[in-house]
Chemist: 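Pasting a structure below so you can have a look.
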Amino acid sequence: MSWPLASSTLRQRTAVAVADPVLRRNVGNAVERFRAGKADAYASIHDPDGLRRAARGVRGDVLSRWAEVLERLADNVLAAGGHVCWAPDADAANAYIAGVARRIGARTAVKSKSMATEETGLNEALAAAGCSVTETDLGEWIIQLAGEHPSHIIIPAVHRNRHQIAETFQAAAGMPEPVTEPEALTAFARAELRRRFLEADLGITGVNLGVAETGSVVLVTNEGNGRMVTALPRVHVAVMGAERVVDTWEQADLILGLLSKAATGQALTTYTSITTGPRRPGEADGPEEFHLVILDNGRSDLAGSEFAEMLNCIRCGACLNVCPVYRQTGGHAYGWVYSGPMGAVLTPLLAAGAGDHAAEVANASSLCGACMEACPVEIPLQDLLLSLRRRKAAAAPAAERAAWRAWAAAWSRPPAYRGSAWLATRARRLAPLAARLPGGRRWTASRTVPAVAARTFTERWKAGEV
Amino acid sequence: MNREAGDRAAFLGRIRHRQGPPVTVGPHPAPPPPAVVPEVRYRALDGGPDLLTVFAEAAARAAAQVHLGDPAAAVAAIVAAHDIRRAVVSREPEAQALGPLLTARGVDVAAYDPATAAAADLGVTSAIAAVAATGSVVVDAGTAGSRGAGVLPAVHLCAVPRIRIVATPSDVLRRGPRPLPSNRVLVTGPSRTGDIEQIITLGVHGPVAVHVLVLDDA
């Protein structure tokens with residue numbers, strides 16, 4: 001599903017989200033479960049913080065040699081008999097994959113979750129090329145049927161309960177009986193999607209990690225759809241964000257050793273699948289062609305910038321699970337592909353074409369820093385969010401900037417600071433009138449105006465009262 | 001056919017132009033990369049316990065069933081528990097050896113192909129290794145001759161010699177056999193999802209049950 005940044009404002013989307021009790025209960029339960037799982041998983045290994053620090057160092061090292069590592073990956077994919085496409089942007093990636101679909105006469109495709117292809121809107125591009133795409137990750141299929149976007153990168157349909165899912169299956173997938181037990185719903189999905197796996201001409205996946213040393217792509221899943229998509233259709237296309245690479249298997253091992261523990265609390269997900277080229281002679285299944293599409297789409301702009309460490313992200317979702325903002329709103333409030341703290345950083349950077357609407361997503365944060373603590377590669381998300389907000393403030397209207405400058409000037413000088421504090425105490429009964437100032441009502445609608453004291457601290461100190 | 005599309009030089013040029021060491025933006029500077037990339041050390045392996053014991057516990061936590069001892073008895077139990085009528089067997093000798101045991105239980109045994117596997121109740125493979133810390137088995141498409149034998153049927157039976165049990169995933173990912181096959185997968189229990197109200201449901205697209213038969217012969 002094509003994904004331009006939502007044209008609503010952050011405030012509008014948030015208001016919708018916090019008014020939805022099903023969403024908030026489901027999101028609350030889900031993130032609690034994941035947090036508990038992660039804590040248990042980290043408790044089962046030695047020195048997780050040391051490993052996280054090393055992982056941050058590893059990702060930084062790889063990205064400081066990013067071009068060389070990508071080149072090695074591409075050469076080894078080719079050596080293993082695969083195809084490589086260098087896609088500078090969404091259109092290039094979609095055009096290449098649509099071209100593959102047309103060449104092989106693909107009428108249907110099955111996809112194992114790929115956030116990068118949600119970014120590019122691949123499904124629509126393939127539909128235009130006469131190839132219909134079925135999402136096969138259960139949560140992604142549910143929201144595809146419902147015509148929605150994911151609201152969590154690991155559990156995309158977290159905002160829907162069993163009754164809503166059953167309704168969707170009945171309305172859009174032809175489920176005959178109104179069953180609502182999760183096992184029955186899953187059984188229906190299994191049967192329906194199995195048919196599509198067996199019929200599909202084209203299999204599309206994302207890439208959790210590309211490993212340059214051997215030209216391999218690693219896919220980390222629980223449901224088995226990733227394995228079906230890479231075993232049954234004639235052609236496998238893997239779409240990889242260009243930054244999702246490591247150089248060596250030592251590095252890959254460390255990252256994979258942290259990824260599922262941070263994401264879901266599993267030591268490993270059910271399937272850690274390593275694909276190196278297409279099927280080999282004598283094998284009874286597997287794709288005849290393997291294609292790796294390397295997608296830039298704004299990522300290279302971050303290299304060497306103050307936001308470069310955002311490229312370290314391994315898309316585990318741990319930051320979503322600890323974020324006090326995400327917990328209350330779920331993913332749709334962020335308005336784009338990526339949500340939670342990582343979405344609050346990526347949206348202003350990658351969806352930059354959308355201007356203000358993208359920039360304001362960086363406000364969806366209390367800067368509490370829980371995200372960095374949770375991140376398995378120690379991305380300083382709150383520092384990046386502060387940088388984005390600094391950037392946004394520098395582009396604010398002249399009047400606003402002048403007001404902040406005046407305030408900063410006043411409060412940097414002791415006489416002006418003491419004078420304004422004295423004035424505030426003497427004018428304290430006027431404080432509720434703040435709501436009447438321009439922008440004041442919005443400011444005070446969700447904040448309590450502080451009760452100002454009758455005299456300043458300096459006065460009381462001089463009087464010996466404190 | 002030229003297997004490379006797009007402009008490699010332009011793509012990498014954009015990156016080379018900008019790449020560099022991490023830029024510090026706040027009070028959390030990036031550490032230097034480690035001289036040696038550390039391995040994850042699992043507490044379950046502290047003190048050097050018996051790997052089979054650790055494997056069995058980890059596999060059980062992942063909802064896989066582990067069988068020791070007589071293969072015939074294990075096969076009989078599995079066939080009965082899941083009402084197995086048809087099985088596909090992959091190419092490894094350890095998997096092939098179970099064919100006659102299945103036939104003796106009245107199971108229709110065939111070589112793997114996708115259509116046959118999709119209609120089968122049981123898929124039998126071996127593994128190039130088993131991982132004690134996580135309870136995983138490692139299946140190579142080259143050795144098995146396919147990717148789908150352990151994933152299409154509802155039940156997966158994996159017969160792995162005890163001597164192939166290694167301690168951690170690092171033993172496979174860093175030190176596993178090379179060159180890599182077209183596909184190598186670490187399988188940790190049956191397929192599952194939490195997508196419906198975060199209730200874990202087994203048997204989504206892959207198997208609903210995984211049985212690991214640990215073989216005593218070297």
Side-chain angles (χ1 to χ4, degrees), chain A residues 29-30 33 44-46 53-54 57-58 60-61 64 66-67 78 83-86 96 138-139 155 157 161-162 182-183 185-186 214 222-225 227-228 231 249-251 253-254 257 267-268 270-277 279-280 283-286 300 303-304 306 308-309 380 383 387, chain B residues 3-8 11-12 14-16 18-23 25-26 28 30-34 37-38 40-43 112-114 118 134 136 141-142 145-148 151 169-170 173-174 180 182-189 191-199 201 204-206:
Chain A
N29 290 342
R33 198 169 67 81
S44 76
I45 61 178
H46 286 279
R53 195 162 310 118
V58 161
D61 170 47
S64 68
W66 194 4
L78 292 166
H83 297 241
V84 173
C85 169
W86 301 94
Y96 177 81
L138 178 57
I155 33 167
N161 65 23
R162 65 183 71 183
E183 277 192 22
L185 291 169
T186 305
T214 51
N222 274 310
E223 296 181 8
N225 57 327
R227 296 193 63 199
M228 299 289 207
W249 274 104
E250 280 76 23
Q251 296 169 338
D253 174 52
L254 174 63
L268 287 179
T270 309
Y271 305 109
T272 303
S273 170
I274 304 160
T275 292
T276 311
R279 87 199 308 192
R280 310 257 171 101
E283 290 173 8
D285 61 16
S300 57
E306 56 180 327
E309 285 210 270
D383 297 345
S387 277
Chain B
R3 288 184 280 111
E4 188 166 3
D7 189 339
R8 178 194 281 226
F11 192 105
L12 294 176
R14 257 187 307 273
I15 288 174
R16 222 170 250 128
R18 296 179 167 87
Q19 71 187 17
V23 175
V25 296
H28 306 105
V37 181
V40 177
R41 289 173 298 129
Y42 291 84
R43 292 185 188 275
Y112 171 87
D113 75 67
T134 55
S136 316
S146 72
R147 303 179 185 198
V151 73
S170 305
L173 297 175
R174 298 186 187 214
L180 290 180
S182 65
N183 183 262
R184 170 174 294 166
V185 58
L186 286 80
V187 178
T188 312
S191 72
R192 70 202 67 211
T193 182
D195 274 322
I196 300 176
E197 293 185 1
Q198 293 75 58
I199 296 164
T201 311
V204 195
H205 307 297

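This is a predicted model, so every value here is computed, not measured. A, B, ... follow the sequence lines: proteins, then strands. Residue 1 opens every chain.
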Chemist: Quick check for you: to the nearest 0.5 Å, what is the distance between A:D383 atom CG and B:H28 atom NE2?
Modeler: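 Going from the CG atom of A:D383 to the NE2 atom of B:H28 covers 5.5 Å.
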Chemist: To the closest 0.5 Å, what do you measure between CG (B:L173) and CD1 (A:I274)?
Modeler: 5.0 Å
Chemist: Starting at CD of B:E4, measure out to CH2 of A:W86 and round the result to the nearest 0.5 Å.
Modeler: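 CH2 of A:W86 is found 6.5 Å from CD of B:E4.
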Chemist: From B:N183 CG over to A:D285 CG, what is the distance, rounded to the nearest 0.5 angstrom?
Modeler: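 Reported value, rounded in 0.5 Å steps: 9.0 Å.
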Chemist: Identify, with sequence neighbours excluded, every residue that meets side-chain hydrogen bond (donor to acceptor under 3.5 Å, both in side chains) alongside A:T272.
Modeler: none
Chemist: Any heavy-atom pair between the side chains of A:Y271 and B:V187 that's under 4.5 Å?
Modeler: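 Answer yes - side chains close enough.
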Chemist: Using side-chain heavy atoms (C-beta onward) and a distance below 4.5 Å, is B:R41 in contact with A:I45?
Modeler: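 No, their side chains stay 4.5 Å or more apart.
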Chemist: Please classify the contact of B:Y42 with chain A as side chain, backbone, both or neither, using a heavy-atom distance under 4.5 Å.
Modeler: both
Chemist: Taking the side chain as every heavy atom from C-beta outward, state whether B:Q19 and A:S64 have any pair of such atoms under 4.5 Å apart.
Modeler: no
Chemist: Working to the nearest 0.5 Å, report the span between CD of A:E283 and CZ of B:R147.
Modeler: 6.5 Å
Chemist: State whether B:E197 and A:R162 are salt-bridged, where the test is any N-O pair (Lys NZ or Arg NE/NH1/NH2 against Asp/Glu carboxylate O) under 4.0 Å.
Modeler: yes
Chemist: For B:V37, which atoms come within 4.5 Å of any heavy atom of chain A: side chain, backbone, both, or neither?
Modeler: side chain
Chemist: Can you see whether B:R192 engages A:T270 through a side-chain donor-acceptor pair at a distance of less than 3.5 angstrom?
Modeler: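 Distance-only check passes for B:R192 and A:T270.
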